[in-house]
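Naming convention: chains lettered A, B, ... in sequence-line order (proteins, then strands); numbering from 1 in each chain. Remember, it's a predicted structure, so these values are computed and weren't measured experimentally.
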Amino acid sequence: MDYNFQEIESKWRKHWFEHKTFTAFNGSSKPKFYVLDMFPYPSGAGLHVGHPLGYIASDIFARYRRLKGFNVLHPMGYDSFGLPAEQYAIQTGQHPAHTTKENIARYRDQLDQLGFSFDWDREVRTSSPEYYKWTQLIFIKLFDSWYNQYSDQAEPIQTLIEHFERSGNLKIKAYTEYNEHFTAEEWMQKDEKEQEDILQEFRLTYLADSWVNWCPALGTVLANDEVINGKSERGGHPVVQKKMRQWSMRIKAYSERLLDGLEKLDWTDSIKDQQRNWIGKSLGSSVVFEVENSDKKIEVFTTRPDTIFGVSFMVLAPEHPFVNGESEITTEEFKEKVKDYQKNAALKSERDRQSEVKNISGQFTGAYAIHPFSGKKIPVWIGDYVLASYGTGAVMAVPCGDQRDYDFAKHFNLPIPNIFKDIDISEKAYDEKSGIIANSDFLNDLSVKEANKKTIEEIEKKNIGKGKTNYRLRDAVFSRQRYWGEPFPVYYKNGIPKMIAKEYLPIILPEVEKYLPTEDGDPPLGNAQIWAWDAKQNAIVDIEQIDNETVFPLELNTMPGWAGSSFYFARYTDPNNEEEIAGEDALNYWGNVDLYIGGSEHATGHLLYARFWTKFLKDRGVLTYDEPFQKMINQGMILGRSSMILRLTIIINCSDDPDFKETVSNYYLSKNLFYRLVKEKDRISQLILENLKIEYPQLKSFDIMCIDSRHIDISLVNNDNLNVAELKNKLAEFKSAIFILEEDGTFICDNEVEKMSKSKFNVQTPDDLVKKYGADTLRMYEMFLGPLEQSKPWDTKGISGVHNFLKKLWRLIHDENNNFSVSDEKPTKEALKSLHKTIKKLQDDLERFSFNTGVSAFMICVNELQDLKCNNREIIEPLIVLLSSYAPHFSEEIWEKLGHDAGTISYTTFPEFDEKYLVEDNHDYPVSFNGKMRMKVSLPLGLNAEEIQQKVLEMEETKKWLEGQTPKKVIVVPGKIINFVL
RNA sequence: GCGGAUGUGGUGGAAUUGGUAGACACGCUAGACUUAGGAUCUAGUGCCGCGAGGUGUGAGAGUUCGAGUCUCUCCAUCCGUACCA
């Protein structure tokens, strides 16, 4: 073999490792550049070919920036807390720390194989105590903060307490949903518990009974983004609503800043829009409706105050306080019916409610509200299309202007007053925000926009509401009933949560016997024996010692997966700092991430939470920037090609009794036979019969009942051809299976393109390909596959093309005996042109992250050099430097052979592009007549438009095409095109 | 429903500011070398046509001397999200 990639690659991997070639130093006269990948969760399946896609891209870019003279930070780590390790632990009893360690080792091996230029000295693991110490510290800081809306930032809770002590909460403008007022005296009279209850309304993390997505199968609570279509993201188990005491993050306080911050980020519109929608800002107004014969007032939020005269009924969420418990407004007559309705609604999980979008349900409460302007009586209903968790949990229904209200009104025969001038609402609601308002007292003849403004003015004048902004974003539940996560630095003194002081962090995850919840339904940490806090000794002690005097119970929940990943980017900049998350110098030097590469699936999870924490940490002086990721590229998913075999379920009859039937389901039909099953039924049936007869000689009749498909391991399949013998050998269940083959003796599988997953047996690991073609080939091939941001099915068909390119280049600079050989002669003009064209193309491609066309540029260049038989040092050397970001091992090898110090190619400089080599004496102008290209003329460069026109008009060929006509106009773009308009 | 994308040969995909559509690669066809080829090299390869030529970027219109690219309408596929008042 002439290009011995295996030898070359292991040589350079070793060299880089031993020489720490890619260590990044804090502080340098060079400009900085921070390239970051979303760190992986180290799953048991190892890396598949989709994982490295983004890493390869970021590595190419990091190496490119190094050549361009930047001090590059390019770290890697592991998001190593998570559910799979825990579930594995539940099944096998293996400690998650153990499996996590093993998985990380495997990941590291696989990553190393690919020649990444990570600075491994900066590795972080979210599950290591040295790291989660900081996660715990941030939690404490959040607890110790409130959001001051005057300064528009988070501030220490102490300042709020001082304020309460001085003047109560009357003059404060804080982010909270607490709406009672107290004076300084009243504050001082409250006991510790009462004070803490109030403070919890302000703290940025707080305990609350909240409706949570409870997953009975996993025995845990899930965040909204961990629930997909009413099922858990992991495992797909059903999720129901449950009220639990949970830690929550007051992310809502940051709604506006999270929205604003998007403006200055260089992210795709798609992700920005997803975040905008998630935050869901809407402008409108609150309006208070009095209730007849009651002192209760129903507050609603509406984005359409202009439609206030179209209100014909009101709807409360079934969970609304006014239809529950003491403050109930339901009349005696309807109490029973309302209770029934609520019971039914509560039984429905979120999923059921969703799937019943079209089903309209509701119940009249017997109560009436009073319209604030017309004074009319408005019936109050409850209905589950109104959500308790959005707005005030109550709506003023305007059936003529909102389709849902319209449907509700039609269904329950409620009036639908029309308040739009010249609009027909007999079929459906008119929900456009335009038109003229009618039948609306003081709003008549106003446009929607004017009426909106006018109504808010009137509402505010009457003091029954005010202009208001509402956000869809909800506070993030932060507790998980799991073992394998960060423990909270929290203990409970008589039910009051207390933070453990910074000096005693980290609070290390205790050992447990079982990873399942306890019998009482406590989280797994409830199984820990050594899990109580001695507040005097400041130490974790045995739970037996709990006396609630000096020894207290510790929090049993752990933190969610997104905790550790919300600040890791900052930790990389100063990973060994034991005093702070990162020192000021490191923060100031590296700043935020310049380029972040990862999947778009984290749009409303990780990417939102990381932004939230960053803004918070900036407020509290921990970080120096308020957006973590300046530019982001979202790589597409690499899909797998699954192979499936088609299974027949056949009913057979082997006796004379027609009712004596048996079912067999171990017959498999080759794909092409299956597709011919309809057309050539008899022939295929005959084939099946022949096979059946072998096993059932007594067979009288048979009938195919159904056909289904089963995933099988793609390693047993080659070009859709199943290796039947190996399958039978490997899996016992197929030992006695019958495979009905094609005429040529093969068994063809069906296939489908879908997400790679262990359960579909379609995972392609990079290992085999690295073995067969080398890491450089795989790196280039993954880039060559197509635009980085596009999802695409994995397909190895084209890999030989990329491999050939490297072989070709190798041969170009080696003689027949595989000895390195370059010419020291001056290169030809053509060769220089080819080189400089490539430099320019490559640089442009890299700057716009077009990695696939970059690979093509190399191929074109090498093809040209091969045609020119050019192996001049002056061409090869810069070309190798260009190539070093894509194919680092190959390039290092040649670089050394060219006489440079080993391992120095990464820190040489990117070749300078010189336009002079591209300048041609002549340019082939396409000449078109009326826009149609007819001929090409070669003209010297440097002529102006007029001269070009003159020259072309004089040509015989031109005259032929003009056929004696005089052109109306001649368009000449020097260096580009000549067009005659006839 | 709403939001975002994407539609180009047999296939993956190029075409950066409107200026020679299909670069590059796979595949395929033919040939050379070879004991052999899943090695290497040469030529060809959008479609129709012997050819001149015609035609061609999901469909239809428009702007322009000129449109894959800009505008409008529609269709298809994928992703995200969903009773948000």
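- Applying the 4.0 Å criterion to OP1 and OP2 of B:rC41, one finds that A:Q866 has a side-chain N or O inside that range.
- Between the CG atom of A:N863 and the C1' atom of B:rA43 there is a distance of 15 Å, rounded to whole Å.
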Assess whether salt bridge (Lys or Arg N to Asp or Glu O under 4.0 Å) is satisfied between A:D845 and A:K841, documenting all intermediate values.
CA-CA 6 Å; A:D845 286 348; A:K841 172 83 177 134; 3.3 Å; yes
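- In this model, the phosphate group of B:rU16 is not approached by any side-chain N or O of A:T853 to a distance below 4.0 Å at OP1 or OP2.
- A salt bridge is absent between A:K840 and A:E915: the closest approach of a Lys/Arg side-chain nitrogen to an acidic carboxylate oxygen does not fall below 4.0 angstrom.
- Closest to the side chain of A:K976, from the set B:rG19, B:rG13, B:rA85, is B:rG19.
- Among the protein residues, A:Q843 comes within range of no part of the nucleic acid, since none of its heavy atoms lies under 4.0 Å from any strand.
- Of the candidates B:rG19, B:rG3, B:rU16, the closest approach to any side-chain atom of A:V973 belongs to B:rG19.
- B:rA25 atom C1' lies 15 Å from atom NE2 of A:H803, rounded to whole Å.
- Within the 4.0 angstrom heavy-atom criterion, only backbone atoms of the sugar-phosphate kind lie near A:S282; the bases stay farther away.
- The ring-ring contact (aromatic ring centres under 6.0 Å, His included) search around A:F322 returns A:H320, not counting sequence neighbours.
- Going from atom CE of A:M780 over to atom P of B:rC24 covers 16 Å, rounded to whole Å.
- Side-chain N/O atoms of A:N277 include none lying less than 4.0 angstrom from OP1 or OP2 on B:rG4.
- Of the candidates B:rC41, B:rG12, B:rG19, the closest approach to any side-chain atom of A:I977 belongs to B:rG19.
- Contact annotation for A:I971: base contact, defined as any heavy-atom pair under 4.0 Å involving a base atom.
- Taking 4.0 angstrom as the limit, A:K807 places a side-chain polar atom (N or O) nearer than this to OP1 or OP2 of B:rU40.
- A:K772 comes within contact range of at least one nucleobase, with a heavy-atom separation under 4.0 Å.
- Counting any heavy atom pair closer than 4.0 Å across all strands shown, A:K755 reaches no nucleic acid atom.
- Partner A:I799 forms a side-chain contact (heavy atoms from CB on, under 4.5 Å) with one of A:L785, A:N804, A:T777 and no other, that one being A:T777.
- In this structure, A:R811 reaches the B:rC41 phosphate: one of its side-chain N or O atoms is under 4.0 Å from OP1 or OP2.
- More than 12 heavy atoms of other shown residues, nucleotides or ligands fall within 6.0 angstrom of atom NZ in A:K631.
- In this structure, A:D402 reaches neither bases nor backbone, as no heavy-atom distance under 4.0 Å exists between it and the strands shown.
- Side-chain contact, A:Y385 with A:D405: a donor N or O sits under 3.5 Å from an acceptor N or O.
- The aromatic rings of A:F412 and A:F408 are tilted relative to each other, their planes meeting at an angle between 30° and 60°.
- Helical stems in RNA chain B, defined as runs of 3 or more consecutive Watson-Crick or G-U wobble pairs with both donor-acceptor distances under 3.5 Å, are listed by first residue as B:1-7 with B:75-81, B:10-12 with B:24-26, B:27-32 with B:40-45, B:46-48 with B:53-55, B:58-62 with B:70-74.
- Between the CG atom of A:L806 and the P atom of B:rU40 there is a distance of 13 Å, given to the nearest Å.
- If you check B:rG4, B:rA25, B:rC83 against the side chain of A:S270, the one that comes closest is B:rG4.
- The side chain of A:N804 contributes no N or O atom lying less than 4.0 Å from OP1 or OP2 of B:rA39.
- Distance noted for atom C1' between B:rU11 and B:rG60: 29 Å (whole Å).
- A gap of 15 Å separates the C1' atoms of B:rA14 and B:rU20, to the nearest Å.
- If you check every strand for non-hydrogen atoms under 4.0 Å, A:P793 touches nothing.
- The pair A:K272-A:E263 does not meet the salt-bridge criterion, since no charged nitrogen lies less than 4.0 angstrom from a carboxylate oxygen.
- For B:rG9, the base is syn relative to its sugar; the glycosidic angle is within 90° of 0.
- Of the P atoms belonging to B:rG18 and B:rA39, the separation is 44 Å, rounded to the nearest Å.
- If you take CD of A:Q274 and C1' of B:rC2, they are 13 Å apart, rounded to a whole angstrom.
- Counting non-hydrogen atoms under 4.0 angstrom, A:S856 reaches a base of the nucleic acid.
- Ion pairing between a basic and an acidic side chain is recognised when a charged N comes within 4.0 Å of a carboxylate O; A:E864 and A:K833 show no such pairing.
- Side-chain proximity of A:R472 to the nucleotides B:rU20, B:rA23, B:rA82 is greatest for B:rA82.
- The interatomic distance linking A:I271 (CD1) with B:rC79 (C1') rounds to 11 Å, in whole Å.
- In this entry the distance linking CD of A:Q790 with P of B:rA14 reads 7 Å, nearest Å.
- Between A:N470 and A:F301, the closest side-chain pair of non-hydrogen atoms falls below 4.5 Å.
- When distances are taken from the side chain of A:Y390 to each of B:rC24, B:rU16, B:rA85, the shortest belongs to B:rA85.
- Separating the CG atom of A:N852 from the C1' atom of B:rA25 is a distance of 11 Å, rounded to the nearest angstrom.
- Here the nucleotide nearest the side chain of A:F784, chosen from B:rA85, B:rG12, B:rU16, is B:rG12.
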